[in-house]
Amino acid sequence: MEIIRMENISKIYPGTVALKGVDFTLNKQEIVSLLGENGAGKTTLMKILYGMTAPSSGRIFYKGEPVRFKRPIDAIEKGICMVHQHFMLVPAFTVVENIIAGSEPGSNIFLDKKKARQEVIDLISRFKFNVDPDAKVEKLSVGEQQRVEILKVLYRKADVIILDEPTAVLTPHEVDDLFAVLRRLKDEGKSIIIITHKLKETKEIADRVVVLRDGNLINDNVDPRKVSTKELSEMMVGHEVNLQARRPAKHIGEVCLKVENLTVEEDGKEKVKNVSFAIHHGEILGIAGIEGNGQTQIIEALTGLRKPKSMKLTLDGKEVTGKSSDFLKAGIGHVPEDRLSMGLVKEMSVMENMILGYHRESEFCSKKGLLLKKQISQYAEKLKKDFLVKAASIYSAVSSLSGGNQQKIIISRVFSREPKAIIVAHPTRGVDIGATEYIHNQLIELRDRGAAVLLISADLDEVRALSDRILVLYEGEIVSESMPGELSEVEMGLLMTGGNYMVEEGKQRD
Amino acid sequence: MTFNAEVLYSIVASTLRSSVPLILAALGGCFSVRAGVSDLGLEGMMLAGSFFSVLGSYITGNAWLGLLFGMLFGAVFSMLHAVMHITYRVNASISGMCVNLLATAATPLLLNEIFGMSGKSPIVEAFKKPDWQWMNNIPVVGRILGAQNVLFFVAILLVIVSWIFMYKTKIGLRMRMVSENPHAASTVGLNVTAYKYFGVAMSGCLAGFAGAYLSIGQMNLFVEEMTAGRGYIAVVINAFGKYNPLGVFGGSIFFGFFDALQTIFQNIFPSQLVMMTPYVFTLLVIALGLGGSRGPAGVGKHVDN
């Protein structure tokens, strides 16, 4: 049974056409994956459905009746709810308060906390969620917070649930939990739309895939069981992509970056326990692991942002110590974990961001300490061209750029300084396939120019595709070292979660 | 001076008296911050309340109507803050300070224009101490409460009502949600702007009330700059009391106590020393993070519609 029909939807913004006559339908008890690159128009289409923005033309039918929602609350009242990518929760409130606020039970004036709590508990048990109703939201993990968001829409009696990039912030295990929840919701009669650009997850959860590209509908009836991820990605990007193909190192040289006995203590606990490894010139060493197992601490120690309890770090045989700027000067580049909080100053221009951290070098700065505006702008123009950064100009604020282009600015800044070694953390998080492919190519080129690359990523596929050698990190310890292809995805997943898959001994520790 | 029961009574009674304007103004601050708007304009709204309550009482000859006047104009001044900050998105510290500066300049001007006087207004009808004989018969409590103005009891009532409003009603929960995360509030269909305006208007009314207490509650005339920074103290008390009506009540008593000590001990210690104590203590509390004066997370954030 058809529950939503959107006909010939167009959306024109000044200067660009976001959607060109797109049709979209959703059936009852169906999970549809709305697949597309960033900027393909999938979010715009859902914002139109949800009443967050008005279409330039087109018609929408909900349960057979024509509708036009002016505000999200109109859609919510009809039973169409959205779980936003950035959670809309109040950290200082309890789970119950977050769920009920705005639609509280009780008389007209007073809040019936007992009834509210009971209703939430009923909801939790009906859908078999695992959340403590009385916990403050700030104490919850990201996965739990997402469940609170889903409870919020269920509490509002949603029939149609739109999830915007729901897996972007989740660990692999949490993704499994989420999918189990979504299947249960489907069994209960809900219809679900997932906005995503992740192919594997689309194949895993969707009943039907709708592909958008550049505001056009490419295909609205793809059976995920009948296509490969490669075919899907080509539909989405419009040309052939090859993310999985490995390009092994051609000439691995001498040891470049050597880390010995790295121990990091935080809040009285050892977050990294006596870790040692070495990376050679022309090699990518990947560290796989679920986030929170010491990755952040390793990155911060190797870039001089944090003083570890113990570490001997040598670069081409010379010991590196001191502040983060000394590490940078020694030739250790850094692509940080979170581009907005650590990698960029988003209010500042593309140009300024392209020299951040290197702004004192004689190329950009006179001896008297004045910035050389002309040289800097020429340099920025060159990087913008070389690294295909899509921005109106080098003077645009970084905040106006898409995530992929923001990441390209960091990549251009660090890679063009030709670092001897580089620490790269989650280089393609929240970045679309086109930009991902580009960034991967850049990483491999940098490696082939002789740099030693340490790749830390929560995306196991990425680590497996790029690395020449892979370490698995679990609770601050390296639990395995392998060559690519030596271990299967399942085996690595097991190692990452502490199930100690002993490859050599072939036995399991408890 | 001998230290005896008389002194003790007088300290307690005086503490409560000096607390009232602080309670009312800081309670106003609660509403403002708990709707997501900084409360730096309290001083100006309070001063406006002092002046206009005198004017109201002068025109009508009735202290209660004077109070109403004061509250109304406190709200009018608060709307200046609201329009600048909420509608035109001026930084709330700046719009708050504008209100303070405007009130400091406008009240002497109006004093001159309306009454043709400078420095202070003519004497008007004011609140009288209630003559409750029966209260004097209650030991201790009766003596202390009997020395209070009727507005003291109104202030206590307002604290309780405000607390119930914020923590026990639906609108209170929604208002707090706006202050914590306006985007989240907006996505569940709340009119963020309306809640913010409401919170600021309430802060104006209560600050106006506080000002009226100074002019026609404790005295019977308006004196230029008679709030003497109490609005700023209320801002501190509000943070100190964790933006909670009950916390604010406690904080006001604390500051009122030092105010009372100061009047009583001014012949023994340098009064400045006694006056400094609550501020030093507050600084210590905030610096050491003991009070955890973390406000609602969404104060000053706007939602695009």
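Numbered from 1 within each chain, the chains take letters A, B, ... in sequence-line order.
Atom CZ of A:R147 has more than 12 neighbouring heavy atoms from other residues, nucleotides or ligands inside a 6.0 Å radius. Annotation for B:L65: atom CG counts as buried by contact number, over 12 foreign heavy atoms lying within 6.0 Å. Within a 6.0 Å radius of CG in A:D122, more than 12 heavy atoms belonging to other residues, nucleotides or ligands are found. Other residues, nucleotides and ligands contribute more than 12 heavy atoms inside 6.0 Å of the CD1 atom of A:I121.
Neither the backbone nor the side chain of A:H86 comes within contact range of chain B; no heavy atom of the residue lies under 4.5 Å from a heavy atom of that chain. Proximity to chain B (any heavy atom under 4.5 Å) is shown, for A:F110, by both the backbone and the side chain. Contacts between B:Y167 and chain A at a heavy-atom distance below 4.5 Å involve the backbone alone (N, CA, C, O). For A:I76, the part lying near chain B is the side chain, with the backbone staying farther off; criterion is any non-hydrogen pair under 4.5 Å. Within the 4.5 angstrom heavy-atom criterion, only side-chain atoms of A:E138, from C-beta onward, approach chain B. At a 4.5 Å heavy-atom cutoff, the contact between B:L173 and chain A is made by backbone and side-chain atoms alike. Only the backbone of A:N108 comes within less than 4.5 Å of a heavy atom in chain B; its side chain stays farther off.
Contact record, A:L89 with B:A184: N-CB, 4.1 Å, taken as the closest heavy-atom pair.
With rounding to the nearest 0.5 angstrom, the NZ atom of B:K170 is 9.0 Å from the OG atom of A:S103. Put simply, NZ on A:K152 and OG1 on B:T187 are 4.5 Å apart, with the number rounded to the nearest 0.5 Å.
A donor-acceptor contact shorter than 3.5 Å is absent between the side chain of B:N181 and the backbone of A:V90.
Heavy-atom pairs under 4.5 Å with chain B were tallied for A:R71, A:M52, A:R156; the largest tally goes to A:R156. Comparing A:P72, A:A101, A:P91 by heavy-atom pairs within less than 4.5 Å of chain B, the highest count is held by A:A101.
Each of B:E180, B:M177, B:R176 was evaluated against A:E97; a single residue qualifies, B:R176, per the side-chain contact (heavy atoms from CB on, under 4.5 Å) test.
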